[in-house]
Asker: 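Just dropping this structure here.
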Amino acid sequence: MDKLLYGAAYYDEYMPYERLDKDIELMKKAGINLVRIAESTWSTHEPQDGVFDFTSVDRVLDAMYAAGIHVIVGTPTYAIPAWLAAAHPEILAVTSKGAGKYGARQNMDITSSAYLFYAERIIRQLISHVCRHPAVIGYQIDNETKHYGTLGPNVQQMFVKYMRAKFPSLDDLNQKMGLAYWSNRINSWEEFPSTEGTINASLAGEFSTFQRKLVTDFLAWQASIVNEYKQDGQFVTHNFDFDWRGYSFGIQSDVDHFAASKVVDIAGCDIYHPSQEALTGAEIAMGGDIIRSLKKDNYLVLETQAQAFAAWTPFPGQLRLQAFSHLASGADCVEYWHYHSIHNSFETYWKGLLSHDFEPGPTYEEACTIGKDFARLSDHLIHLRKSNKAALLVSNESLTALKNFAYCMSIDYNAVMRQMYDALYKMNIECDFIGPDAENLTNYQVIVVPPLYAASDVLLNRLNRFAEQGGHVVYGIRSGFSDENVKVRVTHQPGIIGNACGTYYDRFVSAEHVTIKSGTLDLTGAKSGLSSIVELLEPKGSQILASYEHPYWGQYAAITQKDSGTGSATYIGCCPDESVYAKVFEQVCKKAGLWGVEQTLAFPMIVRSGTNQSGRKVHYIFNYSMEKTTQQNPYGHAQELLSGREVQSGESLVFGPWDLVILEEK
Amino acid sequence: MDKLLYGAAYYDEYMPYERLDKDIELMKKAGINLVRIAESTWSTHEPQDGVFDFTSVDRVLDAMYAAGIHVIVGTPTYAIPAWLAAAHPEILAVTSKGAGKYGARQNMDITSSAYLFYAERIIRQLISHVCRHPAVIGYQIDNETKHYGTLGPNVQQMFVKYMRAKFPSLDDLNQKMGLAYWSNRINSWEEFPSTEGTINASLAGEFSTFQRKLVTDFLAWQASIVNEYKQDGQFVTHNFDFDWRGYSFGIQSDVDHFAASKVVDIAGCDIYHPSQEALTGAEIAMGGDIIRSLKKDNYLVLETQAQAFAAWTPFPGQLRLQAFSHLASGADCVEYWHYHSIHNSFETYWKGLLSHDFEPGPTYEEACTIGKDFARLSDHLIHLRKSNKAALLVSNESLTALKNFAYCMSIDYNAVMRQMYDALYKMNIECDFIGPDAENLTNYQVIVVPPLYAASDVLLNRLNRFAEQGGHVVYGIRSGFSDENVKVRVTHQPGIIGNACGTYYDRFVSAEHVTIKSGTLDLTGAKSGLSSIVELLEPKGSQILASYEHPYWGQYAAITQKDSGTGSATYIGCCPDESVYAKVFEQVCKKAGLWGVEQTLAFPMIVRSGTNQSGRKVHYIFNYSMEKTTQQNPYGHAQELLSGREVQSGESLVFGPWDLVILEEK
Amino acid sequence: MDKLLYGAAYYDEYMPYERLDKDIELMKKAGINLVRIAESTWSTHEPQDGVFDFTSVDRVLDAMYAAGIHVIVGTPTYAIPAWLAAAHPEILAVTSKGAGKYGARQNMDITSSAYLFYAERIIRQLISHVCRHPAVIGYQIDNETKHYGTLGPNVQQMFVKYMRAKFPSLDDLNQKMGLAYWSNRINSWEEFPSTEGTINASLAGEFSTFQRKLVTDFLAWQASIVNEYKQDGQFVTHNFDFDWRGYSFGIQSDVDHFAASKVVDIAGCDIYHPSQEALTGAEIAMGGDIIRSLKKDNYLVLETQAQAFAAWTPFPGQLRLQAFSHLASGADCVEYWHYHSIHNSFETYWKGLLSHDFEPGPTYEEACTIGKDFARLSDHLIHLRKSNKAALLVSNESLTALKNFAYCMSIDYNAVMRQMYDALYKMNIECDFIGPDAENLTNYQVIVVPPLYAASDVLLNRLNRFAEQGGHVVYGIRSGFSDENVKVRVTHQPGIIGNACGTYYDRFVSAEHVTIKSGTLDLTGAKSGLSSIVELLEPKGSQILASYEHPYWGQYAAITQKDSGTGSATYIGCCPDESVYAKVFEQVCKKAGLWGVEQTLAFPMIVRSGTNQSGRKVHYIFNYSMEKTTQQNPYGHAQELLSGREVQSGESLVFGPWDLVILEEK
């Protein structure tokens, strides 16, 4: 791709009447140069078992090509036809809620051989049919793939084989997972019980890991099929999604994004976020930072909101602010879900660029300005490169483990991760995301570690080494507590990282009635409330950054920090407010030399930077606010790309509500 | 019937000891001239398959006849015997919660042939046994019949046949319901999936319509059987009920009352309502207005509360106020559920006229005064005729559709309907209820339309014509949005009614942070809060009655009104407080000439009027309050029927707490 | 047993590495002289069907014996091995949630013959193996046994036989249970429906009684097996637990403690309670009072919290306060659950004496002081005898019945019981618990009766006689309302006890808008709020202790009291605050002569007394507070056992936070 892509999902199949020419006319006017098609219309393309009909695909491809609009073709496998469910009801996944029912998408057992057989056939039929069409620039394999909770007998059988390979000795398994407890020992493989009812967090955690592997394997299988047909210049991508809490909230617990993305040529994702008064840009930045980190490369936003829900219909300026925010994180493509609003079924209220009347409205009109600017500025904005010095180390194993203990300890992994991420985002510290297997930690100055509850000795030792070698690491609560099998370490906590952090504890108590107070770190202005539990830290050669306010626990530290050479390790033994994380990160980033001109601005003024293909520094400055504001250019002499005017260092930049400037340094 | 009926449900079968003579003595003293029997005691009347025992029915009929008390005999089909469930477990309805369990009433599949066989036999046995008994004045077929969520394979099969008849072409069906979405196309009838799992609101809506038809068909079947035995002077009725939210709240989503009531001779219903401090009379009025509208005739209140739950035990005066309120809506019968309190099982705390001790208590004593007055004033009060000039047009299809979109748009149809109805009720505008198929709209001056989300072109065009021809129509939010298949209209909203209302919009946004403010309508005193969504209305030749307060949406209208000749169409594009509806209705009713002497009073003073069989105007004035009050007679010279005294126009009327007067104009 | 036992549950099987010698060293240092083993490790002891391995048991027994530590061996039947579930899936209980799944403990059908076969075999194997080992002082049969909601077809069949034996006549059953209602009559035993779906509170109540009987029978069966092996000097006990609301809250609805405890030699229980700021000692006292009452003898606390959950980790002094509080209620044993914290599975966050690091920490250190004092003072503190003059009469039948009516009347039996118990506890009135079958009511001066909703004529008449003969009885709301079959009495309420209480009512209404006000009892300082319902009491020869504040119900009494000779009967017709119960109990206890020196102190100063084996009065005085305080010795000349110093009557006693003294009268 040599230009920014601006697009929308397009469903000719859903149209209430013939619209194609009119739609293309409106797309062209809006600067749309990409559509995604076919990913949810299997029942149209294969109306009966073995009967194929790609009429709608062909006419859209031809018309788009004629109009100079590129097409990503999706494999239509995430929603099965009624005839397939009728013929093979076993395709519907058995989950903890019982057997699935036909109707919704993403209700299938992705390991079902019947499903795999029919999915492979439709993929081969469709992709072989379209692959030589000049409109096609790439393929999206499936959509937002997850394991959908599949756990029926066939899945259980695969799991037992997986366990047998991973833990050849049952005695070893029983020991590592503590299965003697409550008489759960498995003394022969034949008697391995379904994990559905398990109360063993280690076994449950391993099953979650296995379920994530099913997704990795499934996507690899789809990619291998599509790759057989892929032509030169075409790519394979996938639409990864995030922990969904009504919007894209955090890391996706059902998929190992790092592993699953290996098979795609370009990473893609959907990002949905609060809007109107609640628009902050944090989800756009977070989603982008995660997906960019997967392949350490630019990525595609394959879906994001146009008008969407009533609470998301953008205020004037917001659609524009959002689009450039995606680019500022490294996206080379912004694609709306979806072009037109749907008149029936489930997502009727998830509106596209056009309302149900298909008439250009304010959102469409704003899109036209975006499309024009994307085209005009493509060479300056495409392929933005980042070299972030901070990273968040995230762990699905830890997320799962904490979820399994939620009944007695309420620590929401993604919520804490978001407090940490958002604190960095709001102080304009850009960061990457890395997984437990990440190499080259030394690329970073600062590694922030949300509650790393379950981690191998290897990982913890690598983090220790990172700090020893001059890096700065900041751990959230519970980090280091258990090993990769969710077995609590039989040592002083926080175990392997204790020495590096200069802290130990053996007790943790309720956070009720406890608050946090300044130690050597001044917490003035931060909120002192704590939630869930507090660990009673005792410093060992470390500074006490903060301690507790409480009649009995007041003698214990809440946050400790130990320097080792030029590096440091900070341990946060509680669940404080985001403002406390901000105080800690400010102190650490200053230590690490990451405190620069970007930090003269702060949310709602958001700065995101990179280097463009001409090797020039590009800085996006966003006003995530309904208030007008004037700021001085914190950078050197630059060209403001949207207006084209030259801006001197320190010169005033005027921002309207939800406004932005893009500075390309000279 | 030539006299007011005053009665109670009576269960000789539940009695802890022989009570019949004593009970009849107490009934006589209370003026009770009606009992309903047998509707839930199948297992007593048919203790074993094919063994019939009507002993308790016979002795009650004989004793009642001797005492001059009429009897309505219920068909005992809404609660099946244990032996029947044991022999035919398939009778228990399969619902979305799985297979039913024996125990509760109304747990059967009303389409089960086993059920229909046994139900028909007990009906024929019972009704043939009693039909010539002189105590019997009528029959209640079944009780509060609904479809109970039945959706098992047999029901599905019937549904597919129904769909095939309604939509002969599958392509047409796929198009109208938008089944291409998420690969839901049905490409052959054999593969029609169960609607249980459907996420398609059009299909789900049609299934609900089908389920309501099951009720209509079932009642027609029962009526046809009973009609074979019905003697001259006897009637068939049914006890319709309402949307149950701990009391009778709104229209019944599981039954098409208009269609189902066609087969009965007299419409009947049960009405339960908050009491004590929370008694307003609104449910009595609403329930009565609905049921009276079904056959445009007087009706029977077959059940209403005596003492009932702890929160409903009436304050002194309330039982009396309630009883006359039923008459004031057009009831010819007020029957309590139930005579005595039950000593076991489920409804032990739903107390009857008598407490568990069977001793006369305050509620019974108050009933005695009612019975006496009913008897004394029967000729003046029976057969009250209404000629209301206002109507609410209600739509089960719209209710269902909005419920199916509740996950993304929280508009509670019945709650909005109640806000509209209650606003009218409190300003003493009496109204009828009409359904989507209502003819003769021109009988009315004002038609109020709660959110008419799903409606055919025909209906909307008729409403347009109504306004053109001088009528006044007021639409709630979302009216006209989708067609009768819950397919959103592909036009500017509100579609077909847009021109008449002089408004259009293509966007609707969250109501958070938005309030309503006066336009040409003065909203002083009304609450400005809004809930759910707001539609961004743009006027086209209409007045802006109200607009929004919001930084961005402030430029849009919230309520528009367009006059056409002497008629008008008002569109409310938001979910305001009841007080805003009241402001709109006051303005519209004044336009329509419906603002009269009744409107000199307002809640808690409630006026309900009609014409009695002597052709005289009768006005009930109720004090729905714990406070004493004095009001002037707003009518001409009249006789106050309870006291018998003459009252001049403008003369003071003194009301105690929960008091009433009945004025018969001279 | 001739010495206080101080112990912990010990699971050699769960150890992450070889710990036994080190653990015993730490135990000895802490004064631990008892461990409980083997009760949840069946899968270790029988790794495959019929293969037995008691290695871990043997080595622990040998090592403990060598160290002079006693052992209680548990039968390992409350958690079944995976191989057993695989071979006999029918062992997993069918409940109202469907078929059970393997994983959790206590998921079996305790009536399953396969379960009973395998359970009997492992019991015989284990107990015969260990019974002659000199370390073994007793056996715990099963653990916290309940019926686990079992209700599958086999259980239903047993229930029908039980019903047939109890109600030989179906007509009688139908009448007593009111089965004519909603056509529920059972006209032949073959058609007896599953009670799972029943809506009949009488039938549901009887099924609950039957389910409790299953527990009684199961424990009797286990005891009979273990008794075959029990040697001289060994005992059989069981670990009874309480209504669990995150801690031990009230009486156990799933077990008839009085009946089930008949087969054990010594009663045992577990007691868990809020801690930290929320520690009051009430649960320790209540649990002890209940379990002591079962066999009217000393008892074993087989489990209680060491560090446990984050919210329970004790403040300094609390572990000690708790341990002596158990002794003060009559415990001869305090045993922690558990010795070490577990590193895997489900209860990882339920920490033992040692944290996961196995290092001595503050809680362990405090335990060492307790163990030392237990050993030192054993002869003074063991076998404490109580002769309480007050008792609470509790009824599982009433609890169940009120639960079955919760949908319409929210009276939480255990919550009311706790308000009553806690009021007594806080005013230092010690009490026993008695069941509906208790004999010798005349042992008591005061009997407090939480809502005795379901009770036989016999019981009520005995309570009447108790009051006539000089006793004082205080009834909670709804007492006497229905008979033992949950059939409401056909009389003026409160039925049989009405005359004794000098009160009657036939109505009860919502407590909303109603408060309580002083009658002849001064309620100054008590809270006036009421919840649920209020009964409208009319006095008949009784005093009105309190009445209602309400426009209409103000004329009725809320609490009445009638003296008969030196006795009295008090009836509380509402659900007031605990402070109102306290006012009533103070008045009644003064009447009854139970107001003594203990009542010069009140919560947070708690006094518990008894007579030790030397015949000396022993008084524990506890400071359940974070505040230091000084109190005068309210007793005569005594020795303070912990310090050894002599204390004169009236001499100052200084209490630190969470502190205690133990006075042994001279």
Asker: At a 4.5 Å cut-off on heavy atoms, which part of C/Phe192 comes close to chain B: side chain, backbone, both, or neither?
Answerer: neither

Asker: Calculate, to the nearest 0.5 Å, the distance between atoms OG and CG belonging to B/Ser345 and C/Leu203 respectively.
Answerer: 8.5 Å

Asker: With chain B as the partner chain, list the residues of residues 150-168 of chain C whose heavy atoms fall under 4.5 Å from it, by residue number, and write 'none' if nothing qualifies.
Answerer: none

Asker: If you look at every heavy atom in B/Ala82 and C/Glu191, which pair is closest and at what distance?
Answerer: CB-O, 3.9 Å

Asker: So how far is it from B/Thr348 OG1 to C/Tyr181 OH, rounded to the nearest 0.5 Å?
Answerer: 7.5 Å

Asker: Pull out the residues in residues 93-103 of chain B that come under 4.5 Å of chain C, heavy atom to heavy atom, sorted by number.
Answerer: B/Lys101, B/Tyr102, B/Gly103

Asker: B/Thr313 and C/Val509: which non-hydrogen atoms are nearest, and at how many Å?
Answerer: CB-CG1, 3.6 Å

Asker: Sort B/Glu39 into side chain, backbone, both or neither according to what part of it lies under 4.5 angstrom from a heavy atom of chain C.
Answerer: neither

Asker: Backbone N or O of C/Trp182 within a donor-acceptor pair of the B/Ser40 side chain at under 3.5 Å?
Answerer: no

Asker: Is the distance from the ring center of B/Tyr349 to that of C/Tyr407 below 6.0 Å?
Answerer: no

Asker: Is a side-chain N or O of C/Asn200 found less than 3.5 angstrom from the main chain of B/Asn344, in a donor-acceptor match?
Answerer: no

Asker: Flag the one option from C/Thr491, C/Asp506, C/Asn404 with the top tally of heavy-atom pairs under 4.5 Å to chain B.
Answerer: C/Asp506

Asker: Starting from the C-alpha separation in whole Å, work towards a yes-or-no answer on side-chain contact (heavy atoms from CB on, under 4.5 Å) for B/Trp350 and C/Cys408.
Answerer: CA-CA 9 Å; B/Trp350 198 317; C/Cys408 62; over 6 Å; no

Asker: Which value, rounded to the nearest 0.5 Å, describes the distance between B/Glu359 atom CD and C/His492 atom NE2?
Answerer: 4.0 Å

Asker: In terms of heavy-atom proximity below 4.5 Å to chain B, should C/Asn485 be classed as side chain, backbone, both, or neither?
Answerer: backbone

Asker: Once side-chain contact (heavy atoms from CB on, under 4.5 Å) is applied, do any residues pair with C/His550, and if so which ones, sequence neighbours excluded?
Answerer: B/Glu277, B/Phe315, C/His513, C/Val514, C/Tyr552, C/Trp553

Asker: Is C/Val490 in contact with chain B via its backbone, its side chain, both, or neither, using a 4.5 Å heavy-atom distance?
Answerer: both

Asker: Contact part of B/Glu13 toward chain C, heavy-atom cut-off under 4.5 Å: side chain, backbone, both or neither?
Answerer: both

Asker: Verify, without hydrogens or angle tests, whether C/Gln175 (side chain) and B/Pro16 (backbone) share a donor-acceptor contact under 3.5 angstrom.
Answerer: yes

Asker: Can you tell which of B/Tyr14, B/Trp42, B/Phe358 has the highest number of heavy-atom pairs within less than 4.5 Å of chain C?
Answerer: B/Tyr14

Asker: Should the pair B/His356 and C/Phe481 be assigned to parallel (<30°), tilted (30 to 60°) or perpendicular (>60°) ring geometry?
Answerer: perpendicular

Asker: At a heavy-atom separation under 4.5 Å, does B/Pro314 approach chain C through its side chain, its backbone, both, or neither?
Answerer: backbone

Asker: Output the distance between atom CG (C/Asn184) and atom OG1 (B/Thr41), rounded to the nearest 0.5 Å.
Answerer: 12.0 Å

Asker: More than 12 foreign heavy atoms under 6.0 Å from NZ of B/Lys22: is that the case here?
Answerer: no

Asker: Among B/Pro81, B/Ser341, B/Ala86, B/Pro76, which residue forms the greatest number of heavy-atom pairs with chain C at distances under 4.5 Å?
Answerer: B/Pro81

Asker: Quick one: pull up NE2 in B/His343 and CG in C/Asp483 and give me the separation to the nearest 0.5 Å.
Answerer: 10.5 Å

Asker: Under a 4.5 Å heavy-atom cut-off, does chain B meet the side chain of C/Tyr504, its backbone, both or neither?
Answerer: neither

Asker: Give, for atom OG of C/Ser183 and atom OH of B/Tyr78, the distance between the pair rounded to the nearest 0.5 Å.
Answerer: 9.5 Å

Asker: Looking at every heavy atom in both B/Ser43 and C/Ala180, which two are closest together, and how far apart are they?
Answerer: OG-O, 4.5 Å

Asker: Relative to chain B, which segment of C/Thr198 carries a heavy atom at a distance below 4.5 Å: side chain, backbone, both, or neither?
Answerer: backbone

Asker: Around C/Glu512, counting heavy atoms of other residues, nucleotides and ligands shown, do more than 12 lie under 6.0 Å from its CD?
Answerer: no

Asker: What residues of residues 45-56 of chain B sit under 4.5 Å from chain C when you count only heavy atoms?
Answerer: B/Pro47, B/Gln48

Asker: Would you find more than 12 non-hydrogen atoms of other residues, nucleotides or ligands less than 6.0 Å from B/Glu627 atom CD?
Answerer: no

Asker: When only pairs under 4.5 Å are counted, which of B/Lys351, B/Gln276, B/Gln106 shares the most heavy-atom pairs with chain C?
Answerer: B/Lys351

Asker: For C/Phe405, is it the side chain, the backbone, both or neither that has a heavy atom under 4.5 Å from a heavy atom of chain B?
Answerer: side chain

Asker: As an exercise: rank B/Glu347, B/Met15, B/Gln307 by heavy-atom pairs under 4.5 Å with chain C and give me the winner.
Answerer: B/Glu347

Asker: Using heavy-atom distances under 4.5 Å, tell me whether B/Ala85 contacts chain C through its side chain, its backbone, both, or neither.
Answerer: neither

